[in-house]
Amino acid sequence: MSTARTTATAARVLRQLRHDPRSIALMLLVPVLMLTLLRFVFDGNPRTFDSIGASLLGIFPLITMFLVTSIATLRERTSGTLERLLAMPLGKGDLIAGYALAFGAVAVVQSLLATGLALWLLGLDAVGSPWLLLLVALLDALLGTALGLFVSAFAASEFQAVQFMPAVIFPQLLLCGLFAARDTMHPVLEGLSDVLPMSYAVDGMTQVLTHTDMTADFVRDAVIVAACALLVLALGAATLRRRTP
């Protein structure tokens with residue numbers, strides 16, 4: 001891998017995104033709008049918003065980054081751009097790292113917007129530091145980016161990329177502890193939830209919501225989410241194909 005080639009790839013992806021307002025709106029505005037909608041759904045019971053709003057602050061960015069990244073990467077391959085790029089002195093690692101860097105930059109802006117809105121405009125009551133809340137939201141968005149890059153290697157069309165969402169995202173959403181405490185689930189499902197990264201994303205948000213200081217559990221959750229993102233990026237580089245048959 002080369003730093004120069006990686007940053008050049010990231011700059012190219014960001015230039016393309018600048019001319020794609022729909023993708024920008026999906027990444028930056030949809031999490032904000034969903035959090036706002038959720039706040040007023042529970043307008044009569046703000047404590048309910050406090051209890052699940054922090055979790056969804058991490059889940060919404062993960063889902064939107066997954067969708068946009070998987071479709072954007074697949075579009076590169078089906079259009080032949082990826083094949084031309086890999087014919088140059090550009091390795092798969094450079095390409096994946098460049099995409100991760102570009103979408104990671106967008107994820108930073110997305111996380112800042114969503115966290116700032118939730119805390120200072122929607123009144124989310126978090127006991128812990130807002131910076132820790134922002135950190136988990138950012139790690140979740142980066143995890144969504146990594147998952148999107150990974151699944152794009154197995155899709156032959158943009159429609160198929162979207163179809164991966166029920167297989168990759170929905171099981172994690174159901175088992176992450178958002179709808180029911182993980183320790184109350186069937187033992188098999190509880191064991192499965194222990195290996196899904198979204199479970200630790202939700203746990204990390206819960207730690208910030210209920211503890212004034214950084215806890216050991218929070219550090220564990222953040223490290224696991226970050227490690228999963230790096231692992232999935234490595235798998236994405238290993239499985240990346242030049243073109244779609």
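Only this structure's heavy atoms are used, side chains among them; waters, hydrogens and symmetry mates stay out.
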Any chance you could measure [X], atom [atom1], to [Y], atom [atom2], to the nearest 0.5 Å?
{"X": "Leu26", "Y": "Ile63", "atom1": "CG", "atom2": "CD1", "result": "11.0 Å"}
{"X": "Arg22", "Y": "Ile24", "atom1": "CZ", "atom2": "CD1", "result": "11.5 Å"}
{"X": "Ser23", "Y": "Gln16", "atom1": "OG", "atom2": "CD", "result": "10.5 Å"}
{"X": "Leu124", "Y": "Phe49", "atom1": "CG", "atom2": "CZ", "result": "5.0 Å"}
{"X": "Thr69", "Y": "Leu74", "atom1": "OG1", "atom2": "CG", "result": "12.0 Å"}
{"X": "Leu173", "Y": "Met198", "atom1": "CG", "atom2": "CE", "result": "5.5 Å"}

Path from [X] to [Y] over hydrophobic side-chain contacts below 4.5 Å:
{"X": "Leu62", "Y": "Phe60", "result": "yes"}
{"X": "Phe170", "Y": "Leu147", "result": "yes"}
{"X": "Val208", "Y": "Leu178", "result": "yes"}
{"X": "Met205", "Y": "Leu135", "result": "yes"}
{"X": "Leu209", "Y": "Leu133", "result": "no"}

**Message:** Please evaluate residues Gln207 and Val136 with respect to the criterion side chain to side chain contact (heavy atoms under 4.5 Å, CB included), reporting the C-alpha separation (whole Å), side-chain torsions for both, the decisive distance (0.1 Å), and the verdict.
**Reply:** CA-CA 10 Å; Gln207 290 294 316; Val136 181; over 6 Å; no
**Message:** With side chain to side chain contact (heavy atoms under 4.5 Å, CB included) as the criterion, how do Ile59 and Leu56 come out once you've worked through the C-alpha distance, each side chain's angles and the decisive distance to 0.1 Å?
**Reply:** CA-CA 5 Å; Ile59 291 174; Leu56 292 176; 4.1 Å; yes
Donor-acceptor pairs under 3.5 Å, side chain of residues 100-121 to any protein atom, not counting sequence neighbours: which ones?
| from | atom 1 | to | atom 2 | distance (Å) |
| --- | --- | --- | --- | --- |
| Gln110 | NE2 | Met27 | O | 2.4 |
| Gln110 | NE2 | Thr64 | OG1 | 3.0 |
| Ser111 | OG | Ala107 | O | 2.8 |
| Ser111 | OG | Leu138 | N | 3.4 |
| Thr115 | OG1 | Ser111 | O | 2.8 |

[X] versus [Y], closest heavy-atom pair with distance:
{"X": "Ser70", "Y": "Ser152", "answer": "O-CB, 3.5 Å"}
{"X": "Pro197", "Y": "Leu143", "answer": "CB-CD2, 3.6 Å"}
{"X": "Val202", "Y": "Cys176", "answer": "CG2-SG, 3.6 Å"}
{"X": "Pro171", "Y": "Pro166", "answer": "CD-O, 3.0 Å"}

**Message:** Could you work out, with salt bridge (Lys or Arg N to Asp or Glu O under 4.0 Å) as the rule, every residue matching Asp125, not counting sequence neighbours?
**Reply:** none
**Prompt:** Under the 4.5 Å side-chain heavy-atom rule for ILVMFWY, direct or indirect, which residues accompany Val162?
**Reply:**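 Besides Val162, the hydrophobic cluster comprises Ile71, listed by chain and residue number.
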**Request:** Run through the side-chain heavy atoms of Ile, Leu, Val, Met, Phe, Trp and Tyr, join any pair under 4.5 Å, and report what else lands in Leu196's cluster.
**Result:**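 Listed partners: Leu175, Met185, Leu189, Leu192, Val195.
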**Item:** Any pair counted as salt bridge (Lys or Arg N to Asp or Glu O under 4.0 Å), so long as it reaches residues 57-66, sequence neighbours left out
**Value:**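 Non-adjacent pairs meeting salt bridge (Lys or Arg N to Asp or Glu O under 4.0 Å): zero.
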**Prompt:** Quick one: ring pair (Phe, Tyr, Trp, His ring centres under 6.0 Å) partners of Phe150, sequence neighbours excluded?
**Reply:**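 Scan of Phe150 (ring pair (Phe, Tyr, Trp, His ring centres under 6.0 Å), adjacent residues dropped) gives Phe154.
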Donor-acceptor contacts, no H, no angles, side chain residues 30-42, under 3.5 Å, sequence neighbours left out:
| from | atom 1 | to | atom 2 | distance (Å) |
| --- | --- | --- | --- | --- |
| Thr36 | OG1 | Val32 | O | 2.8 |
| Arg39 | NE | Leu122 | O | 3.1 |
| Arg39 | NH1 | Asp43 | OD1 | 3.2 |

**Asked** With sequence neighbours left out, what residues match Asp194 under side chain to side chain donor-acceptor pair (under 3.5 Å)?
**Response**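 Asp194: side chain to side chain donor-acceptor pair (under 3.5 Å) contacts with Arg182.
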What residues, two or more places apart in sequence or in another chain, satisfy side chain to side chain contact (heavy atoms under 4.5 Å, CB included) together with [X]?
{"X": "Thr184", "result": "Ala180, Ala181"}
{"X": "Arg18", "result": "none"}
{"X": "Ala216", "result": "none"}

For residues 217-225, tabulate all N or O donor-acceptor pairs below 3.5 Å that involve a side-chain atom, not counting sequence neighbours.
| from | atom 1 | to | atom 2 | distance (Å) |
| --- | --- | --- | --- | --- |
| Asp221 | OD2 | Gly204 | N | 3.3 |

**Prompt:** Checking His211 side chain against Asp213 main chain: does a donor-acceptor pair fall under 3.5 Å?
**Reply:**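 No, because the side chain of His211 does not come within donor-acceptor range (under 3.5 Å) of the backbone of Asp213.
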